[in-house]
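Just so you know, these numbers come straight off a predicted model, no measurement behind them. Lettering of chains follows the sequences in order, A, B, ..., and the numbering in each one begins at 1.
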Amino acid sequence: GAVVSQHPSRVICKSGTSVKIECRSLDFQATTMFWYRQFPKQSLMLMATSNEGSKATYEQGVEKDKFLINHASLTLSTLTVTSAHPEDSSFYICSARANAPKKLFFGSGTQLSVL
Amino acid sequence: AQSVTQLGSHVSVSEGALVLLRCNYSSSVPPYLFWYVQYPNQGLQLLLKYTSAATLVKGINGFEAEFKKSETSFHLTKPSAHMSDAAEYFCAVSEGPGNQFYFGTGTSLTVIP
């Protein structure tokens, strides 16, 4: 079946630094990818929709200048958490949309811890 | 608009007992419904999905769910709980194949020996 690779699976960084998370569709082209965020003991909330070759669409309340999304190719979307703070510590999951057949596949997630 | 409500943020069952996790949905179009399981510090694993075919859906690890349109429900069941079933379970709805998911708040399942 289709596979979505998300890297890194776990990252610890210092406050004020930036962290990049990659989401790759390994055996299909994904014109659309979604980024979700999960706080401890809570559900997954959609942060943004990433479309290849265009600007991401952010959900209400998500700072686009803080969470930079780049979808430069049909198999790769990146989420960069800029100037990370401890409150950004969370579990981030991406999903990629395959077109034939239309289906969503999830990455394995990235646990971000900001010290 | 789409939304999911999971009743009971925490459910405890004895090993060997019936597991019932509740999910009600709201959707303006015929929904696609999913159940995912998440083990600690891991990603999501698809348990089963309903995509407008048979209303009783069987998934992995002995789980099944029944789509009831009249009740707008998609409850997850398993006849006999195992210790390994302890995890967080999420119900999700989407408008169709490849559309974004809307997740419920999750139910934490504890299995008591």
Is the gap between the ring centers of [X] and [Y] under 6.0 Å?
| X | Y | answer |
| --- | --- | --- |
| B/Phe103 | A/Tyr36 | yes |
| B/Tyr89 | B/Phe63 | yes |
| A/Phe106 | B/Phe101 | yes |

*Is it the backbone or the side chain of A/Leu44 that comes under 4.5 Å from a heavy atom of chain B, or both, or neither?*
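Both parts, backbone and side chain.
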
*Please flag which part of A/Gln6 lies under 4.5 Å from any non-hydrogen atom of chain B: side chain, backbone, both or neither.*
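Looking at A/Gln6, nothing touches chain B.
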
*asked:* Report, in residue-number order, which members of residues 21-29 of chain B are under 4.5 Å from chain A by heavy-atom distance.
replied: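 Residues of residues 21-29 of chain B touching chain A at under 4.5 Å: none.
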
_Which atoms of B/Tyr102 approach chain A - backbone, side chain, both or neither, heavy atom under 4.5 Å_ =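 When you check distances to chain A, no heavy atom of B/Tyr102 falls under 4.5 Å.
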
_Proximity breakdown for B/Gln100 and chain A, heavy-atom pairs closer than 4.5 Å_ =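 Both parts, backbone and side chain.
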
*Is any side-chain heavy atom of B/Leu76 less than 4.5 Å from a side-chain heavy atom of B/Glu64?*
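No, side chains not in contact.
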
*asked:* I want to check something: taking the side chain as every heavy atom from C-beta on, are A/Thr49 and A/Thr32 in contact at a cut-off of under 4.5 Å?
replied: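 Yes, their side chains come closer than 4.5 Å.
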
*On the 0 to 90° scale, with breaks at 30° and 60°, tag the B/Phe74-B/Tyr50 ring pair as parallel, tilted or perpendicular.*
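The arrangement is tilted - the two ring planes meet at 30° to 60°.
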
*Does atom NZ of A/Lys66 have more than 12 heavy-atom neighbours, drawn from other residues, nucleotides or ligands, at distances under 6.0 Å?*
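For A/Lys66, atom NZ is crowded (more than 12 foreign heavy atoms under 6.0 Å).
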
_With a 3.5 Å distance limit and no angle check, can you tell me whether B/Thr72 reaches the backbone of B/Lys69 through a side-chain donor-acceptor pair?_
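It does not hold such a pair.
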
